[in-house]
Amino acid sequence: MKNMTNLIIMGPPGAGKGTQSERIVQALNIPHISTGDMFREAIASGSSFGLEVARYINQGMLVPDDVTIEIVRERLSRPDCEHGYLLDGFPRTLPQACALENLLKEINRPIQCALNIAVDKNALIERISGRRVCPKCGASYHIVFKKPNKEDICDTCGSSLIQRKDDTPESLKVRLDAYENQTKPLIEFYEKNGVLVQIDGLQDIDKVFDDILNVLKGEKR
Ligand code: ADP
Ligand code: ADP
Ligand code: ZN
């Protein structure tokens, strides 16, 4: 059976979406489309768009739908998405999910699988408080669960690791509320569409990835 390559990865903040996405896109050779990464790149570039979205992100609030949908529309229309894509952190609201359905219909690349990484709240807090990220290449580490080879240095590109501005207890509370109220209903949306697959995100990083690969290879659904 052919691999599934039109994919969404969902889950609460800190569930491990970025960590698993890095591996999935390498294994399947598809582009990783992370709205969070795109927003952080815009912020780092100092553009007026970056300044605009920073106001929301630093407080843990969602960026407005129209802005978010537009950057995804532009990204999905690029030729490298022709043979598949992994959407990470998008959609996060029902209007985004509906806009995405329409968009994918237009370009005839419907979602084949929506992976939901399930993790409970205590684990999320532990994961987010220990998260360290590379500001240059976006790689994500953890002070206990995924230590870099050299303390505070990115394995991939050698940059100094940082803690995300929105990984504070205050922002996390706002983000978890946004997840509960706006993003969680999407689980049902994709279940109804028949593409939802639940993944136990409480397992270690390698085991979670094994489960995902088995699903994508069509061995388990
Ligand atoms: P996390 O890793 O915590 O799930 P992301 O890196 O995906 O977070 O996103 C970081 C922040 O960027 C979010 O808290 C939100 O402010 C903004 N953001 C990312 N994706 C979206 C989206 N699809 N809609 C609205 N805001 C978004
Ligand atoms: P998300 O993109 O969903 O916000 P990340 O992939 O950035 O999540 O992971 C959040 C933090 O948890 C990171 O520090 C990461 O190294 C760590 N992490 C990811 N997956 C696991 C796992 N299965 N077990 C333990 N820690 C994990
Ligand atoms: Zn790096």
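Counting starts at 1 for both ligands and their atoms, in listed order. Throughout, residue positions are numbered sequentially from 1 according to the sequence presented.
- With a heavy-atom cut-off of 4.0 Å, I117 does not touch ligand 2 at all.
- Surrounding NZ of K146 are more than 12 heavy atoms belonging to other residues, nucleotides or ligands, all under 6.0 Å away.
- Here R164 has side-chain heavy atoms under 4.0 Å from ligand 1, and that is the only part of it that gets that close.
- Residue G60 has no N or O atom closer than 3.5 Å to an N or O atom of ligand 1.
- With a 6.0 Å radius and a threshold of 12 heavy atoms from other residues, nucleotides or ligands, D204 has its CG atom above the threshold.
- Atoms of ligand 2 found under 4.0 Å from any heavy atom of D204, numbered from 1 in the order shown, are 23 (N).
- Of the N or O atoms in V208, none lie within a sub-3.5 Å distance of an N or O in ligand 2.
- A salt bridge links R23 and D206; the closest N-O separation between the charged side-chain nitrogens and carboxylate oxygens is under 4.0 Å.
- In plain terms, the two heavy atoms of C137 and C157 that are nearest each other are SG-SG, 4.0 Å.
- I128 and L202 fall within a single hydrophobic cluster, where Ile, Leu, Val, Met, Phe, Trp and Tyr side chains are chained together by heavy-atom contacts under 4.5 Å.
- For R131, the closest heavy-atom approach to ligand 1 falls below 4.0 Å.
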| request: Please assess E188 against K184 for the test salt bridge (charged side-chain N to carboxylate O under 4.0 Å, His left out), listing each intermediate value before the final yes or no. | output: CA-CA 8 Å; E188 203 180 314; K184 216 175 172 185; over 6 Å; no

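- Under a 4.0 Å N-O distance rule, the pair K207/D210 does not qualify as a salt bridge.
- By the criterion of side-chain heavy atoms lying less than 4.5 angstrom apart, applied directly or through intervening Ile, Leu, Val, Met, Phe, Trp or Tyr residues, L103 is grouped together with V195 in one hydrophobic cluster.
- Any N or O atom pair closer than 3.5 Å counts here, and G18 shares at least one such pair with ligand 2.
- Atoms of ligand 2 found under 4.0 Å from any heavy atom of H142, numbered from 1 in the order shown, are 14 (O), 16 (O).
- Among the atoms of K146, none of the N or O lies under 3.5 angstrom from an N or O of ligand 2.
- Heavy-atom distances between F39 and ligand 1 reach below 4.0 Å in at least one pair.
- Among all heavy-atom pairs drawn from Q198 and A118, the shortest one is OE1-CB, 4.3 Å.
- At a 4.0 Å heavy-atom cut-off, ligand 1 touches I57 through backbone and side chain alike.
- Looking only at protein heavy atoms, the nearest one to atom 10 (C) of ligand 2 is G14 O, 3.6 Å.
- Short contacts between ligand 1 and T35, defined as distances under 4.0 Å to a heavy atom of the residue, involve ligand atoms 19 (C), 20 (N), 21 (C), 23 (N).
- In terms of N/O distances under 3.5 Å, ligand 1 is approached by V63.
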| task | Dump the intermediate steps for side-chain contact (heavy atoms from CB on, under 4.5 Å) on V133 and Y141, then the final yes or no. | result | CA-CA 6 Å; V133 296; Y141 299 86; over 6 Å; no

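- Under the 4.0 angstrom criterion for non-hydrogen atoms, E126 is not in contact with ligand 2.
- In terms of N/O distances under 3.5 Å, ligand 2 is not approached by F145.
- For D155 and K147, the salt-bridge test fails: no basic side-chain N is under 4.0 Å from an acidic carboxylate O.
- Shortest contact from atom 12 (O) of ligand 2 to any protein heavy atom: R127 CB, 3.3 Å.
- No donor-acceptor distance shorter than 3.5 angstrom exists from the side chain of S159 to the backbone of C154, with no hydrogens or angles considered.
- With respect to atom 19 (C) of ligand 2, the closest heavy atom belonging to the protein is T19 OG1, 3.5 Å.
- If you look at M61 next to ligand 1, the close heavy atoms, those under 4.0 Å, all belong to the backbone.
- Residue contacts with ligand 2 for Q20 are absent, since no atom lies close enough (heavy atoms, distance under 4.0 Å).
- Closest of all the heavy-atom pairs between V119 and P12 is O-CG, 4.1 Å.
- Counting the atoms of ligand 1 from 1 in the order shown, those under 4.0 Å from a heavy atom of Q96 are 22 (C), 23 (N), 24 (N), 25 (C).
- Of all protein heavy atoms, the one closest to atom 20 (N) of ligand 2 is I205 CG1, 3.6 Å.
- Checked against a 3.5 angstrom limit, the closest N/O atoms of P12 and ligand 1 fall outside it.
- Those atoms of ligand 2 with a heavy atom of Y141 less than 4.0 angstrom away are 13 (C), 14 (O), 16 (O).
- Inclusion of P13 in the set of residues having an N or O under 3.5 Å from an N or O of ligand 2 is not warranted.
- A heavy-atom separation below 4.0 Å is found between A15 and ligand 2.
- Applying the 4.0 Å criterion to heavy atoms of T68 picks out, from ligand 1, the atoms 22 (C), 23 (N), 24 (N), 25 (C).
- Computed with the Zn ion (ligand 3) at the centre, the C134 SG to C154 SG angle is 110°, stated to 10 degrees.
- Taking only non-hydrogen atoms, the option from R92, R55, M10, Q59 nearest to atom 1 (P) of ligand 1 is R92.
- Salt bridge K105/E101: absent, no basic N to carboxylate O contact under 4.0 Å.
- Here the rule is side-chain contact (heavy atoms from CB on, under 4.5 Å) with L7, and of D88, L216, I111, L87 only L216 fits it.
- Residue contacts with ligand 2: K17 is placed with a nitrogen or oxygen under 3.5 Å of a nitrogen or oxygen of the ligand (distance criterion only).
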| field | Worked check of salt bridge (charged side-chain N to carboxylate O under 4.0 Å, His left out) between R175 and D167 | value | CA-CA 10 Å; R175 283 153 67 202; D167 278 350; 3.1 Å; yes

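- Using a 4.5 Å heavy-atom threshold, the side chains of I71 and F90 count as separate.
- Classification of D166 and R164 as a salt-bridged pair holds, one side-chain N sitting under 4.0 Å from a carboxylate O.
- Between R175 and ligand 1, at least one pair of N/O atoms sits closer than 3.5 Å.
- Residue contacts with ligand 1: D37 is placed with no nitrogen or oxygen under 3.5 Å of a nitrogen or oxygen of the ligand (distance criterion only).
- Counting non-hydrogen atoms of other residues, nucleotides and ligands closer than 6.0 Å to CD of E151 gives a total of 12 or fewer.
- In the vicinity of S140, heavy-atom distances shorter than 4.0 Å reach the ligand 2 atoms 5 (P), 7 (O), 13 (C), 15 (C).
- For atom 8 (O) of ligand 2, the closest heavy atom belonging to the protein is G16 N, 3.1 Å.
- Hydrophobic clustering (side-chain heavy atoms under 4.5 Å, transitive across Ile, Leu, Val, Met, Phe, Trp, Tyr) keeps I205 apart from L161.
- Of the protein's heavy atoms, Q203 O, 2.9 Å lies nearest to atom 23 (N) of ligand 2.
- Less than 4.0 angstrom separates some heavy atom of R40 from each of these atoms of ligand 1: 6 (O), 10 (C).
- The SG atom of C137, the Zn ion (ligand 3) and the SG atom of C157 define an angle of 120° (nearest 10 degrees).
- At a threshold of 4.5 Å between side-chain heavy atoms, the hydrophobic network of Ile, Leu, Val, Met, Phe, Trp and Tyr places V67 and I69 in one connected group.
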